Amino acid sequence: SLNANTGLIATAELLNAQSMSPFELEVMTNDRKAFTKVIINIEDVNNNAPEFTQTSYKASVNENVPVGTSVLTVRAIDPDDSENGYVTYSIANVNHPPFSIEHFTGVISTSLLLDYELMPRVYNLRVRASDWGSPYRH
């Protein structure tokens with residue numbers, strides 16, 4: 001809406017940067033003698049957290065594979081724009097499992113030599129996906 005006395009432009013409804021930017025207005029005086037175009041870029045805020053594309057992931061790996069062997073890839077999507085939508089990954093287990101995650105790709109790899117007889121046979125990894133927004137969301 002436009003305040004005819006002050007010229008202040010105010011939003012009449014909630015705006016969404018992903019679907020409405022840029023927003024163009026043509027403003028004209030009451031006597032129709034002067035007009036201008038106003039272009040408003042709607043800036044994205046970090047209003048979405050990353051969401052994994054699957055609710056759970058499962059993989060198997062043989063013992064004695066070389067350290068650094070890829071086991072599985074997780075993926076999360078954040079619909080926010082620019083840094084608000086960039087996703088990085090981390091393993092959030094309290095006890096450090098013998099796996100690591102590539103922060104930008106989500107590839108989970110072995111970080112130790114796995115031994116079937118001496119190590120647990122099942123690992124439950126807690127993987128966190130975080131965005132780069134401010135404040136970041138996960």
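Note that the coordinates shown come from a computational prediction; the quantities given were computed from them, not determined experimentally.
By the 4.5 Å heavy-atom criterion applied to side chains, Tyr57 and Ile108 are not counted as neighbours.
Contact between Asp78 and Ala49 at its shortest, heavy atoms only, is OD2-C, 3.9 Å. Contact detail for Ile91 and Pro97: the closest heavy-atom pair is CG2-CG, 4.0 Å. The shortest non-hydrogen separation linking Ile39 to Glu24 is CG1-CG, 4.0 Å. Counting all heavy atoms, side chain and backbone alike, Val107 lies closest to Ser70 at CG1-OG, 3.5 Å. Shown here for Pro50 and Ala129, the closest heavy-atom pair between the two residues is CG-O, 3.7 Å.
Other residues, nucleotides and ligands place more than 12 heavy atoms under 6.0 Å from the CG atom of Asp31. When the shell of 6.0 Å around CG of Asn30 is examined, it contains 12 or fewer heavy atoms from other residues, nucleotides or ligands. Atom CD of Glu51 is surrounded by 12 or fewer heavy atoms from other residues, nucleotides or ligands within 6.0 Å. Atom CG of Asn124 has 12 or fewer heavy atoms from other residues, nucleotides or ligands within 6.0 Å.
One finds the CG atom of Asn64 at 6.0 Å from the CG atom of Asp115 (value rounded to the nearest 0.5 Å). A distance of 5.0 Å separates CD1 of Ile40 from CD1 of Ile9, quoted to the nearest 0.5 Å. Atoms CD and CG, on Glu63 and Leu118 in that order, are 9.0 Å from each other to the nearest 0.5 Å. Once rounded to the nearest 0.5 Å, the distance linking CZ of Arg128 with CG of Asn93 reads 10.5 Å.
The ring pair (Phe, Tyr, Trp, His ring centres under 6.0 Å) contacts involving residues 105-129 comprise Phe99-Tyr123, where partners must be two or more places apart or lie in separate chains.
Both Met119 and Val61 are members of a single hydrophobic cluster when ILVMFWY side chains are connected at heavy-atom separations under 4.5 Å. No single ILVMFWY cluster, assembled from side-chain heavy atoms under 4.5 Å apart, contains both Val65 and Leu113.
Between the side chains of Asp80 and Asn48, at least one donor N or O lies within less than 3.5 Å of an accepting N or O.
Under the 3.5 Å distance criterion, the side-chain polar atoms of Asn41 are left unmatched by any main-chain donor or acceptor of Pro22. Checking side-chain atoms of Asn84 against main-chain N and O of Asn47 turns up no donor-acceptor pair under 3.5 Å.
Scanning for side chain to side chain contact (heavy atoms under 4.5 Å, CB included) contacts around Ser100 gives Ser109, Ser111, with sequence neighbours left out. In this structure, Ser1 has no side-chain hydrogen bond (donor to acceptor under 3.5 Å, both in side chains) partners at least two apart in sequence or on a different chain.
In this structure, Tyr86 and Trp132 have perpendicular ring planes: the angle between them is above 60°, well past the 30° mark.
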Hey, mind stepping through Phe104 and Thr88 against side chain to side chain contact (heavy atoms under 4.5 Å, CB included) and telling me if it holds?
CA-CA 5 Å; Phe104 299 107; Thr88 55; 3.7 Å; yes
Walk me through it: do Ile101 and Val74 pass the test side chain to side chain contact (heavy atoms under 4.5 Å, CB included)?
CA-CA 9 Å; Ile101 192 163; Val74 297; 3.9 Å; yes
I'd like to know whether Thr73 forms a side chain to side chain contact (heavy atoms under 4.5 Å, CB included) with Thr105, so could you lay out the CA-CA distance, the side-chain angles of the two residues, the decisive distance to 0.1 Å, and finally the verdict.
CA-CA 8 Å; Thr73 301; Thr105 65; 5.8 Å; no
Ile77/Val87 under side chain to side chain contact (heavy atoms under 4.5 Å, CB included): CA gap, chis, key distance, verdict:
CA-CA 7 Å; Ile77 297 172; Val87 178; over 6 Å; no
